[in-house]
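The structure displayed is predicted, hence computed values, not measured ones. Residue numbering restarts at 1 for every chain, and letters A, B, ... go by the order of the sequence lines.
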2 protein chains.
Amino acid sequence: MTEPKRKPGPRRALTEREILDAALALLDAGGPEAASIRRIAAAVGVAPNAVYTYFADKAAVERALVESLLEGCDGVVGRDPEAGWRAEVEALALELRRRLVAHPGAVPLMLGGPMDGPHALRLGERLLDLLAAGGLATPVAARGAYLLIVYVLGAIALEVADVPQAGALPPEEERIAARRAAFGEVPAEAFPRTAAATGVMATWVGTEQFRWGLDRVLDGLVAG
Amino acid sequence: MTEPKRKPGPRRALTEREILDAALALLDAGGPEAASIRRIAAAVGVAPNAVYTYFADKAAVERALVESLLEGCDGVVGRDPEAGWRAEVEALALELRRRLVAHPGAVPLMLGGPMDGPHALRLGERLLDLLAAGGLATPVAARGAYLLIVYVLGAIALEVADVPQAGALPPEEERIAARRAAFGEVPAEAFPRTAAATGVMATWVGTEQFRWGLDRVLDGLVAG
DNA sequence: ACCTGAACACCGTTCAAGT
DNA sequence: ACCTGAACACCGTTCAAGT
């Protein structure tokens with residue numbers, strides 16, 4: 001948890017970073033089941049059990065991986081001094097989405113446990129800063145921040161769950177084509193509204209879709 | 001997919017239902033890793049590979065399990081003829097939450113793949129009915145339904161991810177106690193707003209929390 | 001048609017041993 | 001202190017064989 005200091009010993013063949021990079025590469029290439037301890041170890045050139053010198057167990061590797069994806073997200077806040085709090089919240093959400101859709105295999109890991117690491121806390125603190133700057137009182141800001149996190153992570157989870165592929169998200173053209181195909185497969189007699197809705201959704205993908213929902217949530221937050 | 005008919009043969013030792021019930025019981029008792037094909041088979045008293053007579057692979061078992069949890073959710077719609085569309089949407093969302101928090105282990109399965117089964121479609125169709133009754137035009141209703149699903153599943157996913165336990169969700173008292181403990185662990189110097197927000201959230205759990213967020217989303221939907 | 005035993009190619013994790 | 005080989009108790013899935 002709290003030992004960033006170097007440890008003595010004969011020699012460290014690896015660093016935590018190398019292990020996490022290998023895990024992420026395997027995750028991107030082959031999905032969650034490809035990121036096994038044994039394959040990570042093989043990728044960095046050690047025996048499987050050598051990984052346990054660096055991490056207590058597989059869950060610790062996954063937590064560290066999630067944390068490393070969160071690191072520096074808040075760098076997008078405060079770039080434009082003209083930007084209002086709402087634009088800043090959107091920038092933060094879009095940055096998080098950008099990072100996670102780049103590594104779809106990591107999304108289930110993020111949803112799999114509590115987000116209580118230092119980088120997650122830092123991200124939450126920035127979000128609360130922005131809501132406070134927007135004039136929201138502490139209780140509303142607290143609930144609002146949670147609501148925004150629910151939206152952002154839920155939207156990303158559904159977005160990556162919708163694409164069958166294991167690796168990286170395909171380009172938007174391909175995803176639109178896939179939705180058109182899904183549109184054709186909805187039985188319109190039994191589910192007329194669903195068929196119509198699928199048609200509407202067919203050309204509405206990715207960032208645009210994400211931003212629309214985020215705007216509705218922010219509308220509800222300032223209205224409530 | 002579409003073969004509800006009986007199949008001939010010497011004798012069926014099991015039904016799909018028995019397998020799904022066993023899988024759900026194992027999921028509830030011991031979390032996702034307890035619901036292995038081998039343990040499911042042992043629970044229903046057959047050899048591991050006998051399961052493959054009923055389902056193509058483990059993913060098919062999981063899809064069927066998710067579908068079975070969705071079945072009949074829409075029974076809560078139309079009970080109260082006085083209820084407005086918004087109350088009906090809330091009833092539907094609360095029913096889905098009730099079912100999923102009763103089986104936390106199934107939540108990652110629901111987020112793990114596209115929700116395109118017949119019961120999922122039926123649920124989506126009911127939601128679209130309600131939004132149409134609320135006066136939303138088809139394009140807004142389509143996007144709004146998706147937004148609501150994002151919120152509901154995201155909120156449930158975060159709710160079950162926050163409790164470390166494998167089995168059923170503990171009672172609210174226990175969860176409040178856990179949040180108070182989490183409040184004490186946030187370093188207030190480095191993360192003052194997070195510490196304050198954690199204090200706010202400490203007594204605000206479960207249905208009440210879920211409903212507040214849902215109301216904000218609905219506010220944003222009718223405002224936008 | 002359905003079930004079984006046996007096997008294959010994997011897992012995460014532990015332990016004793018080497019340096 | 002760190003790494004290795006070997007082992008343990010598991011996985012999902014396949015295949016040939018039985019009825």
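- Rounded to an integer number of Å, the gap from CD1 of Ile40(B) to P of dC3(C) is 15 Å.
- Here Tyr54(B) reaches the OP1 or OP2 of dC3(C): one of its side-chain N or O atoms lies under 4.0 Å away.
- No more than 12 heavy atoms of other residues, nucleotides or ligands sit less than 6.0 Å from atom CZ of Arg211(A).
- Applying the side-chain hydrogen bond (donor to acceptor under 3.5 Å, both in side chains) test to Glu62(A) and every residue at least two apart in sequence or in another chain returns nothing.
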Dot-bracket encoding of pairs in DNA chain D, which uses [ ] for pseudoknotted crossings and | for another strand, Watson-Crick or G-U under 3.5 angstrom: ||.|||||...|||||.||

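- Ranking dT4(C), dT13(D), dT13(C) by closeness to the Pro48(A) side chain, first place goes to dT13(C).
- Arg12(A) places its CZ atom 13 Å from the P atom of dT4(D), with the value rounded to the nearest Å.
- Closest contact between the side chain of Leu14(B) and the listed nucleotides dT4(D), dC3(C), dT4(C) involves dC3(C).
- Counting only residues at least two apart or in different chains, ring pair (Phe, Tyr, Trp, His ring centres under 6.0 Å) contacts with residues 162-183 of chain B are absent.
- Partners of Ala91(A) according to the side-chain contact (heavy atoms from CB on, under 4.5 Å) rule, which considers only residues two or more places apart in sequence or in another chain, are Val76(A).
- The list of salt bridge (charged side-chain N to carboxylate O under 4.0 Å, His left out) pairs with a residue in residues 147-160 of chain A, not counting sequence neighbours, reads Arg97(A)-Glu159(A), Glu159(A)-Arg175(A).
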Where protein sits on nucleotides 6-12 of chain D, one letter per nucleotide: B base, S sugar-phosphate only, - none, heavy atoms under 4.0 Å: BB---BB

Under 3.5 Å, sequence neighbours excluded: what are the donor-acceptor pairs made by side chains of residues 101-109 of chain A?
residue	atom	partner	partner atom	Å
His103(A)	ND1	Asp28(A)	OD1	3.0
His103(A)	ND1	Asp28(A)	OD2	2.7

Side-chain donor/acceptor pairs under 3.5 Å, residues 33-48 of chain A, sequence neighbours excluded:
residue	atom	partner	partner atom	Å
Ser36(A)	OG	Arg39(A)	N	3.1

Please set out all donor-acceptor pairs under 3.5 angstrom arising from side-chain atoms of residues 186-203 of chain A, sequence neighbours excluded.
residue	atom	partner	partner atom	Å
Arg193(A)	NE	Asp129(B)	OD1	2.6
Thr194(A)	OG1	Glu125(B)	OE1	2.5
Thr198(A)	OG1	Thr194(A)	O	2.6

